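Only one structure is covered here, and it is reproduced in the block below.
All figures in this text were calculated on a predicted structure; none of them were measured in a lab.
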Protein chains: 2
Amino acid sequence: MNIGQAAEASGVSAKMIRYYESIGLIPKTVRTEAGYRVYSDKDVHTLRFIRRARDLGFSVEQIADLVSLWRDRARASKDVKRVALEHVETLERKIAELQEMAGTLKHLARHCHGDGRPDCPIIETLANPEEIDTPGRTASRFGPLAKPAART
Amino acid sequence: MNIGQAAEASGVSAKMIRYYESIGLIPKTVRTEAGYRVYSDKDVHTLRFIRRARDLGFSVEQIADLVSLWRDRARASKDVKRVALEHVETLERKIAELQEMAGTLKHLARHCHGDGRPDCPIIETLANPEEIDTPGRTASRFGPLAKPAART
DNA sequence: GTGACCCTTCCCATGATGGGAAGGTCAAGG
DNA sequence: CCTTGACCTTCCCATCATGGGAAGGGTCAC
């Protein structure tokens with residue numbers, strides 16, 4: 001099977017297959033005399049594994065770990081679980097970060113007329129974070145400002 | 001004020017200030033005879049605006065829009081609101097995507113012993129997505145597979 | 001043998017950011 | 001006046017996973 005067919009069958013683009021090979025995530029394949037890469041069904045199976053792991057958001061580095069755990073029939077399931085749960089933590093941190101952004105924006109947008117007039121708490125808060133809208137009740141969502149943190 | 005002081009005062013790194021200038025997000029500054037960039041308090045104010053917008057996850061492109069709306073005293077608040085709500089939608093799509101990943105993984109991890117034994121539904125599902133764990137009750141979280149979508 | 005595809009490698013771009021090198025500038029203290 | 005250290009300048013490279021595209025060669029069916 002050529003790379004195009006392997007790509008089709010696995011859902012991983014030919015470009016990415018070559019890339020994964022170049023970084024060592026998958027081994028170098030056999031080549032035809034003309035230099036074409038040749039893939040077996042087993043290779044396609046591996047590629048599918050990789051694609052599913054990507055779909056779950058694992059980094060290539062983590063996938064390398066997962067693939068080698070997969071290959072290792074004496075693996076300890078706790079090692080797999082650890083990789084997975086670490087990733088879950090990363091995902092949840094990211095989710096919380098995005099939720100904070102969305103929450104702040106929705107709060108601001110709720111108080112923006114959204115008509116032809118120029119006054120707008122969104123722009124005003126960006127310009128001057130001292131909680132100008134709804135003075136009093138609502139706690140400052142923009143106080144310490146979504147931490148300058150992990151810009152991932 | 002030199003770039004280092006402007007960076008300090010605004011929370012935007014000197015590197016990024018130069019970058020923002022290079023892509024036209026902020027105008028070219030005055031320079032001293034020696035070629036040093038010089039910043040005013042007004043410039044720092046703009047940089048702070050930009051930083052807050054970044055903290056809320058706006059792209060540089062959106063920030064360019066926001067800055068020009070900010071400058072435009074005849075702006076319509078609906079234009080600001082539109083930019084904000086579009087971004088909220090993007091954030092929420094992203095959040096949903098990450099939540100699906102995290103949900104799937106937590107589900108799988110819940111059924112993984114996480115001990116020294118090799119059998120592990122996480123790796124097995126990656127290898128063969130035909131819902132091997134808890135056969136029966138639980139709906140396939142891995143059926144159509146987290147869509148190959150937006151790998152942002 | 002020719003056209004329609006396929007494959008190869010190589011380079012470039014993305015987005016926002018940091019690292020670092022090589023060299024110029026400035027202010028303070030000796 | 002000169003040195004030193006902190007700052008500035010530009011330029012290039014790296015990140016991460018992915019796609020685009022060019023230039024050149026291979027394969028196959030008609």
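A donor-acceptor pair shorter than 3.5 Å can be found between the side chains of R71(B) and T46(B). No side-chain donor from either of D119(A) and S77(B) sits under 3.5 Å from a side-chain acceptor of the other. A donor atom on one side chain and an acceptor atom on the other are found under 3.5 Å apart for D43(B) and S40(B).
Between dG18(C) and S13(B), a contact under 4.0 Å exists linking OP1 or OP2 to a side-chain N or O. Note on R54(A): a side-chain N or O is less than 4.0 Å away from OP1 or OP2 of dT18(D).
Whole-Å rounding puts the F58(A) CZ to dC16(D) P distance at 17 Å. Taking atom NZ on K15(B) and atom P on dC7(D), their separation rounds to 16 Å, with Å as the unit. With rounding to whole Å, I17(A) atom CD1 is found 14 Å from dG19(D) atom C1'. Rounded to whole Å, the distance from OH on Y19(A) to P on dC12(C) is 18 Å. If you measure from atom CG of N2(A) to atom P of dA4(C), you get 20 Å, rounded to the nearest angstrom. Between the CD atom of E61(B) and the P atom of dT14(C) there is a distance of 12 Å, given to the nearest Å. To the nearest angstrom, P of dT9(D) lies 5 Å from CZ of R37(B). The CD1 atom of I3(B) sits 12 Å away from the C1' atom of dT10(D) (whole-angstrom rounding).
The side chain of S59(B) approaches dA16(C) more closely than any other nucleotide in the set dG19(D), dC12(D), dA16(C). The listed nucleotides are dT17(C), dT18(D), dA16(C); the one nearest the side chain of Y20(B) is dT17(C). For R31(A), taking side-chain heavy atoms from C-beta onward, the closest of the listed nucleotides dG18(C), dT8(C), dT10(D) is dT8(C).
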What nitrogen or oxygen pairs link the protein and nucleotides 26-30 of chain D at under 3.5 Å?
residue, atom, partner, partner atom, Å
dG26(D), O4', Y36(A), OH, 3.3

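Taking the six-membered ring where tryptophan is involved, the planes of W70(A) and H45(A) are perpendicular, since the angle between them exceeds 60° and thus also 30°.
At least one side-chain heavy atom of E92(B) sits less than 4.5 Å from a side-chain heavy atom of K106(A). For the pair Y20(A)/I63(A), no side-chain contact is recorded, criterion being any heavy-atom separation below 4.5 Å from C-beta on.
Sequence neighbours left out, the pairs with a member in residues 3-26 of chain A that pass salt bridge (charged side-chain N to carboxylate O under 4.0 Å, His left out) are E21(A)-R31(A), E21(A)-R37(A).
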